[in-house]
Novice: 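Quick one: the structure is below, and I'll ask about it shortly.
Both counts, for ligands and for their atoms, begin at 1 and track the order of listing.
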Amino acid sequence: MTDNSQDTKQTKSWYNLILHLHPRKVKPATLSFTLTFGLGGMAALLLVIQVFTGLLLKFHYVPSPDGAYNSILDINENLLFGKLAHNIHHWSAVLLLLITFLHMLRVFFTGAYRNPRHATWIIGIFMLILVILSNFTGYLLPWDQLSYWAVTVATSLLQYIPLIGNSIKLTLLGGQEVGSATLSNFFNLHTGFIPLTIIILMCFHFWRIRKAGGVIVSEADKDEPMVDTKPNLIAREFVVAMVLIAFLLVFSILFDAPLRERANPSFSPNPAKAPWYFMGLQELLMHFHPFFAIVVFPITILLASFWLPYVKLNDTNQGIWFISEKGKKAGIYSLASGFFITVLFILLSEYLPDPEVLLPSIPGIITTGFIPFLIVVGTIAWFIKYLNRKFLLNRSELIQSILIILVISYAVLSVTGILFRGEGMKLIWPWEIL
Ligand code: HEM
Ligand code: HEM
């Protein structure tokens, strides 16, 4: 009798814990696929897949410059399903980053970043940073030419952070260059601190969603009676999970994770590029003074994203995509203008004479930093003013237009860096690639 009541108590506390993370009843509107697109759930599942495949790889991986590359070859060639586990770990990491970013955009466009969801948003930003860091620390582990030089390029960007940049670089690398201490640091961060922190934050993230009353719904759907999670939500989550797993499995069978020749610290490939998610920054560095490209732009955007939930807004629309038709139109204008202005900016900066050469007596931080920064900020401000005059937007629609411009600009910069930079990082035209 005592044993039985003990058991029931334990089962109850587990059930209570799950209820803090997953609801028992939900609003019917949250079941609509087009509200969330299942993106948060997909990110959570991909994290579980990363931990699972990562632990399998860890059994065989050797975190030293002499052993790392051979252990990957061994995993790929001699271990039962080793290649599959390696490929899944690689492609799932790429997908996790893309899906987390898309999830952030969905939260933003449905206005779910505001009170009472501001804490969920802030935790989310930390999770996004950690997902980037787990991708970055994992990138070095195969220890091939691609990973070695990508990490060398990306960590060299740190030196442009004034005062503390060099110390951060030294601590992270464990020396002046990427070497055995770096591999060991990255391995420990990658398989210990980072995944553990993401999992803790994820539990906190889910708990905050529950505290806010579940996923956001529109004013019109707010008072509808709740429905049971089982089977309504569970069945949908199951379908999304099965489709994602099937896609990942087929993709990982068809496409191998890239692996070049063993890392050679004395031979740098030309061009040497950062990992794909940092290519936008490397491309920005081609046009701006390093202090502005590596410090001012990223820090401004990071601070703005922390501040976003606290901006006073003059509308009550939440839980719907694009508040109004005029907001949607302004979004399309922003998308097109952001695209063309970024392309134009890249071409002008590439083919116009270098301001540092034209005006050698003025410091570079002014000619290639401060002045172009003011031009970019001024152009965005002017464009937003124009949109406001044309469409009479409310404040959240204006913020939405700015975000669309920033996202499309970063995408254009990234694609240019990844595809259209050849030897010596010279710009190449699409027909020259073919
Ligand atoms: C690995 C990273 C992440 C995981 C696993 C995750 C997971 C989830 C899940 C499962 C939900 C509920 C369902 C859904 O919206 O799909 C959710 C909601 C939410 N997430 Fe995330 N998330 C992550 C990253 C982020 C990021 C980067 C942000 C924003 C910066 C964010 C902000 C939010 C907010 C504000 C909600 C509440 C949305 C609402 O009420 O409609 N999350 N997240
Ligand atoms: C947030 C989750 C994670 C992400 C985004 C991630 C990402 C990555 C990436 C991009 C690579 C390089 C793969 C390649 O191109 O070959 C990698 C390698 C590796 N990761 Fe992870 N990882 C995660 C979690 C983990 C965990 C939890 C472990 C183990 C405890 C782990 C263990 C490893 C090992 C041993 C390698 C080297 C073998 C290989 O390259 O496949 N990872 N990871």
Novice: Check each atom of ligand 2 against the heavy atoms of Pro195 and keep those under 4.0 Å away; list them by number with element.
Specialist: 27 (C)
Novice: May I ask you to identify, for Ile72, whether its side chain, its backbone, both or neither come under 4.0 Å of ligand 2 on a heavy-atom basis?
Specialist: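 Looking at Ile72 and ligand 2, just side chain atoms fall under 4.0 Å.
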Novice: Within the structure, is a non-hydrogen atom of Ile209 found at a distance of less than 4.0 Å from ligand 1?
Specialist: yes
Novice: Just need the protein heavy atom nearest to atom 17 (C) of ligand 2, so name the residue and atom and give the distance.
Specialist: His89 CD2, 3.3 Å
Novice: Once you restrict to heavy atoms under 4.0 Å, what part of Ile125 touches ligand 1? Side chain, backbone, both or neither.
Specialist: both
Novice: Looking only at heavy atoms of Arg106, does any of them come nearer than 4.0 Å to an atom of ligand 1?
Specialist: yes
Novice: What atoms in ligand 2 come closer than 4.0 Å to a heavy atom of Ala93?
Specialist: 5 (C), 7 (C), 10 (C)
Novice: Quick one: which of His86, Gln50, His60, Lys58 has a heavy atom closest to atom 16 (O) of ligand 2?
Specialist: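 Nearest option to atom 16 (O) of ligand 2, by heavy atoms: His86.
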Novice: Which part of Phe206 is near ligand 1, with near meaning a heavy atom under 4.0 Å away: side chain, backbone, both or neither?
Specialist: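 Answer for Phe206: side chain.
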Novice: Just distances here: any N/O of Trp121 and N/O of ligand 1 closer than 3.5 Å?
Specialist: no
Novice: With rounding to the nearest 0.5 Å, note down the distance linking CG in Leu284 to CD1 in Ile294.
Specialist: 7.0 Å
Novice: For Leu57, take its heavy atoms, then give the atoms of ligand 2 lying under 4.0 Å from any of them.
Specialist: 35 (C), 41 (O)
Novice: Assess, by modelled atom type and distance only, whether the side chains of Asp74 and Ser71 contain a donor and an acceptor separated by less than 3.5 Å.
Specialist: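 No, Ser71 and Asp74 have no side-chain donor paired with an acceptor closer than 3.5 Å.
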Novice: Heavy atom under 4.0 Å from ligand 2: found in Leu47's side chain, backbone, both, or neither?
Specialist: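 For Leu47, the contact with ligand 2 is made by the side chain alone.
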Novice: Short list, please: which atoms of ligand 2 are under 4.0 Å from a heavy atom of Gly138?
Specialist: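 Answer, ordered by atom number: 8 (C), 9 (C), 11 (C), 12 (C), 17 (C), 18 (C), 43 (N).
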Novice: Verify, without hydrogens or angle tests, whether Lys273 (side chain) and Ile418 (backbone) share a donor-acceptor contact under 3.5 angstrom.
Specialist: yes
Novice: Mind checking whether Tyr61 has an N or O less than 3.5 Å away from an N or O of ligand 2?
Specialist: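 No, there is no polar N/O contact under 3.5 Å.
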Novice: Between Leu55 and ligand 2, which residue portion shows a heavy-atom distance shorter than 4.0 Å: side chain, backbone, both, or neither?
Specialist: both
